[in-house]
Amino acid sequence: MNIQEVLSDKVKEAIYSIFNVELPHVEFQPTRKDFEGDVTVVVFPMLRFVKGNPELIGKQIGEFLQNNVDEVSGFNVVKGFLNIVICDSYYLSFFNTIKELADYGRVSEPGHEAVMVEYSSPNTNKPLHLGHIRNNLLGYSVAEILKAAGKKVYKTQIINDRGIHICKSMLAWQRFGNGETPESSGLKGDKLVGNYYVAFDKAYKAEIAEMIAEGVEKEIAEKEAPILKEAQEMLRKWEAGDEEVVTLWKRMNGWVYKGFDETYKNLGVDFDQLYYESNTYLLGKDVVADGLEKGIFYKKGDGSVWIDLTDEGLDEKIVLRSDGTAVYMTQDIGTAIQRVKDFPDITGMVYTVGNEQDYHFKVLFLILKKLGFTWAERLHHLSYGMVDLPSGKMKSREGTVVDADDLMDDMSQTAATISEELGKLEEYTDTEKQELFRMIGLGALKYYILKVDPKKRILFNPEESVDFQGNTGPFIQYTYARIQSILRKADKIEIVWSTTVANTLELHLKEKELLKQLQLFPETIQLAAENYSPALIANYTYDLVKEFNSFYQQVSILGESDEERKILRVQLSKKVGEVIQSAFLLLGIQVPERM
RNA sequence: GGUCGCGUAGCUCAGCUGGAUAGAGCAUCUGCCUUCUAAGCAGACGGUCGAAGGUUCGAAUCCUUCCGCGAUCACCA
């Protein structure tokens with residue numbers, strides 16, 4: 001129980017005993033640093049129930065609390081703000097209760113409610129880029145946060161393995177590839193396939209230019225270019241199950257998956273269950289037939305099926321083509337239902353998809369609700385802003401992308417350069433160093449992306465490297481490493497971890513501030529889960545670390561002469577380290593023993 | 001044009017269901033390594049919170065209008 005919960009009832013009691021009025025709610029806030037106190041009760045909202053001077057009311061409540069509540073050791077009133085001083089013993093006993101908890105802040109009993117979190121979901125015709133990195137980091141982190149908040153989580157992705165885009169790569173490979181394979185070229189599979197996607201586009205543009213030169217209109221040329229026609233023909237063959245096309249398709253997708261797996265492994269993300277569009281694109285048609293019967297959908301003259309959402313302030317939306325084939329929406333309806341069939345404990349789903357699809361998901365969720373699925377009430381589109389470059393949007397076709405693998409390598413490289421300059425790793429072997437640089441580089445990248453509100457668009461400038469100082473991943477990792485250094489030394493001088501520090505110890509201001517910050521961890525996890533926001537975890541961790549560094553600077557930990565106080569400081573450092581590690585795990589960032 | 005999102009210091013971002021003098025980092029400038037890792041700490045500088053109205057004891061936060069940026073409004077996915 002945190003201090004606000006303790007005090008809330010007591011304040012109500014105070015109001016009842018002084019004014020004989022039942023107060024429905026008490027408003028708290030942390031006391032601002034410039035005033036004395038730990039928590040503040042805001043008196044203004046009470047004026048609706050209690051008539052009088054806010055300053056005076058505050059004083060009366062303060063006196064009541066000081067006399068009747070053990071945890072309250074003092075108070076002061078500034079305007080309508082009652083600043084309450086909480087006694088040290090409260091914080092010390094709080095610390096003693098959490099000290100040994102290995103997973104402090106997390107809900108330990110696994111919930112029976114499951115949530116499926118979808119993220120990544122790439123096309124299989126090109127490598128992953130910076131945009132996918134944001135998607136992956138967000139999805140993975142939200143999944144971890146939901147777990148920590150007590151949910152059972154299934155991580156999933158739907159791989160867009162079919163369609164015209166992969167046919168383009170296949171066709172270009174057939175034409176220009178001369179049998180090139182990842183083995184023969186030494187290229188990562190997804191890179192190789194991506195090269196042919198670019199090659200297709202080049203050939204396609206050349207054909208268009210040629211046709212225009214021959215007097216064909218641009219728009220017609222774009223539709224009629226022979227290479228495009230051929231790709232479309234390939235897609236038709238694929239859908240018909242043509243053996244040759246399907247074999248090539250399997251082969252090239254196989255290359256891509258191998259490449260993706262490597263990238264995912266480097267990024268540190270994983271999935272519990274994969275869905276492939278080639279298996280799901282026909283799903284949903286039965287549901288549409290069913291909905292048609294129920295009158296949720298209606299059929300137009302040409303046979304296409306629609307839903308009218310104008311009552312909801314949206315448009316009419318097609319759910320089945322006039323030729324009876326599925327559209328994107330049909331497929332998503334079907335996939336959602338399939339997932340609940342596969343995992344019957346699912347009560348909600350999270351879709352990590354860019355904000356360009358806000359409208360699509362609004363409609364999808366509405367349709368599923370209208371179809372009467374109870375779980376449709378608990379669907380969430382984790383919508384995030386695009387990652388743009390100073391030059392504009394990233395386009396794979398035109399090669400203006402920041403490649404995921406390259407970026408991760410660059411980050412490691414930067415970490416290596418900085419680290420070598422500082423030169424504190426003499427005793428490390430080369431492999432240990434490489435591992436560390438990777439950890440730091442990735443930490444910088446992940447933190448940089450996750451600390452900002454997902455809704456905001458990110459402008460990524462590759463020229464200016466991601467910071468390693470200030471509010472960054474490495475700053476937090478560094479603090480963790482420093483703590484571990486203290487603990488290694490403390491171990492040698494035999495500080496006993498299990499020693500319980502007496503509640504009577506008088507706390508240093510910095511110790512108290514640290515304890516207050518530690519107390520916020522559980523509620524921060526819950527808040528982050530409710531808001532699907534890794535940024536809240538990142539900012540919390542940053543505040544904790546700032547507080548610790550200030551503590552570290554101002555007091556001596558191992559050099560403290562009072563034995564009991566030294567024990568407290570070491571234990572406190574250890575706990576802060578654990579919380580940093582735990583919080584960073586939620587962001588998918590590792591922490592080093594030294595750096 | 002309709003709908004949705006965003007707009008806070010030179011730059012990158014915090015700011016919870018409205019609360020005290022709007023906070024960090026980067027950059028610029030000052031100090032601090034004979035004591036636990038200086039990727040650090042302490043401090044200075046820097047703001048009419050896009051604009052105007054409104055609600056309220058109180059607004060960066062809620063409402064309205066306007067401006068700017070982005071996304072979206074396909075029998076593409």
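So that the names make sense, note that chain A is the first sequence line, chain B the second, and so on, each numbered from 1.
As rounded to whole Å, 13 Å separates atom P of B:A77 from atom NZ of A:Lys168. Rounded to an integer number of Å, the gap from CZ of A:Arg236 to C1' of B:C76 is 15 Å. The interatomic distance linking A:Asn355 (CG) with B:C4 (C1') rounds to 9 Å, in whole Å. For the pair A:Asp332 CG and B:A77 C1', the computed distance is 9 Å after rounding to whole Å. Distance, A:Gln232 CD to B:C76 P: 11 Å, rounded to whole Å. What separates OH of A:Tyr384 from C1' of B:C4 is a distance of 17 Å, to the nearest Å. We find that CG of A:Asp358 is positioned 16 Å from P of B:G70, with the value rounded to whole Å. Spacing between atom NZ of A:Lys362 and atom P of B:A71 amounts to 18 Å, rounded to whole angstrom units.
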For nucleotides 14-16 of chain B, give me every protein contact, N/O to N/O, under 3.5 Å, one pair per line with atom names.
from  : atom 1 : to       : atom 2 : distance (Å)
B:A14 : OP1    : A:Asp453 : N      : 2.6
B:A14 : OP2    : A:Lys456 : NZ     : 2.7

Between protein and nucleic acid, restricted to nucleotides 54-60 of chain B and to nitrogen or oxygen atoms under 3.5 Å apart, what atom pairs and distances do you find?
none

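In the model, A:Asp38 has no side-chain atom that pairs as donor or acceptor with a side-chain atom of A:Thr31 under 3.5 Å. When only modelled atom types and interatomic distance are considered, A:Asn135 and A:Tyr384 share a side-chain donor-acceptor pair under 3.5 Å.
Remark: A:Arg32 engages no residue in a side chain to side chain donor-acceptor pair (under 3.5 Å) (not counting sequence neighbours). With sequence neighbours left out, A:Asp388 forms a salt bridge (Lys or Arg N to Asp or Glu O under 4.0 Å) with A:Arg457. Partners of A:Lys510 according to the side-chain contact (heavy atoms from CB on, under 4.5 Å) rule, which considers only residues two or more places apart in sequence or in another chain, are A:His508, A:Glu547, A:Ser550, A:Phe551, A:Gln554. In this view, A:Asn461 and A:Pro390, A:Glu463, A:Glu464 satisfy the side-chain contact (heavy atoms from CB on, under 4.5 Å) rule, not counting sequence neighbours. In this view, A:Lys229 and A:Glu224 satisfy the salt bridge (Lys or Arg N to Asp or Glu O under 4.0 Å) rule, not counting sequence neighbours. For A:Gln484, there are no side chain to side chain donor-acceptor pair (under 3.5 Å) partners two or more places apart in sequence or in a different chain. Partners of A:Glu432 according to the salt bridge (Lys or Arg N to Asp or Glu O under 4.0 Å) rule, which considers only residues two or more places apart in sequence or in another chain, do not exist here. Evaluation of the side-chain contact (heavy atoms from CB on, under 4.5 Å) rule for A:Thr325 yields A:Arg321, A:Asp323 as partners, not counting sequence neighbours.
Remark: A:Glu312 does not engage A:Lys362 in a salt bridge, criterion side-chain N to carboxylate O under 4.0 Å.
Of the two residues contacting RNA chain B, namely A:His360 and A:Asp34, the nearest-nucleotide position lying further toward the 5' end is that of A:Asp34.
A:Phe81 comes within contact range of at least one nucleobase, with a heavy-atom separation under 4.0 Å. In this structure, A:Asp161 reaches neither bases nor backbone, as no heavy-atom distance under 4.0 Å exists between it and the strands shown. If you check every strand for non-hydrogen atoms under 4.0 Å, A:Thr325 touches nothing.
Nucleotides B:A51 and B:C16, compared at atom C1', are 27 Å apart to the nearest Å. When the P atom is used for both B:U64 and B:U3, the distance is 11 Å, rounded to whole Å. The gap from the C1' atom of B:G50 to that of B:U8 amounts to 10 Å, rounded to the nearest Å. Look at the C1' atom in both B:C66 and B:G7: the space between them is 14 Å, to the nearest Å. Comparing B:A9 with B:G46, their C1' atoms are spaced 6 Å from each other, to the whole Å. Rounded to whole Å, the separation between the P atoms of B:G23 and B:A60 comes to 12 Å. With P as the reference atom, B:U61 and B:G15 are 15 Å apart, rounded to whole Å. B:U21 and B:G47 have their C1' atoms separated by 13 Å, given to the nearest Å.
The side chain of A:Arg457 contributes no N or O atom lying less than 4.0 Å from OP1 or OP2 of B:C6.
Considering only the side chain of A:Glu277, B:A77 comes nearest among B:A20, B:C6, B:A77. With B:G25, B:G19, B:A20 as the candidates, the nucleotide lying closest to the side chain of A:Val42 is B:G19. Of all nucleotides listed (B:A71, B:G5, B:U21), B:U21 comes nearest to the side chain of A:Arg32.
Consecutive Watson-Crick or G-U pairs involving RNA chain B, each under 3.5 Å on both distances, make up stems of three or more pairs at B:1-7 with B:67-73, B:10-13 with B:23-26, B:28-32 with B:40-44, B:50-54 with B:62-66.
Below 30°, between 30° and 60°, or above 60°: for A:Phe521 and A:Tyr540 the angle between ring planes is below 30°, a parallel geometry. By the 30° and 60° cut-offs, the orientation of the rings of A:His360 relative to A:Tyr328 is parallel.
Of the residues listed (A:Asn253, A:Asp161, A:Asn160, A:Asp190), the one engaging A:Thr124 in a side chain to side chain donor-acceptor pair (under 3.5 Å) is A:Asn253, and it is the only one.
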Problem - Per-nucleotide protein contact string for nucleotides 33-46 of chain B, where B marks a base within reach and S marks sugar-phosphate only (heavy atoms under 4.0 Å, - for neither) - result: ---BBSBBSS----
Problem - side chain to side chain donor-acceptor pair (under 3.5 Å) between A:Ser169 and A:Asn125, worked out - result: CA-CA 6 Å; A:Ser169 287; A:Asn125 62 326; 4.8 Å; no
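The glycosidic torsion of B:C11 lies more than 90° away from 0, which places this base in the anti conformation.
Remark: aromatic rings of A:Phe475 and A:Phe468 are distant, center separation not under 6.0 Å.
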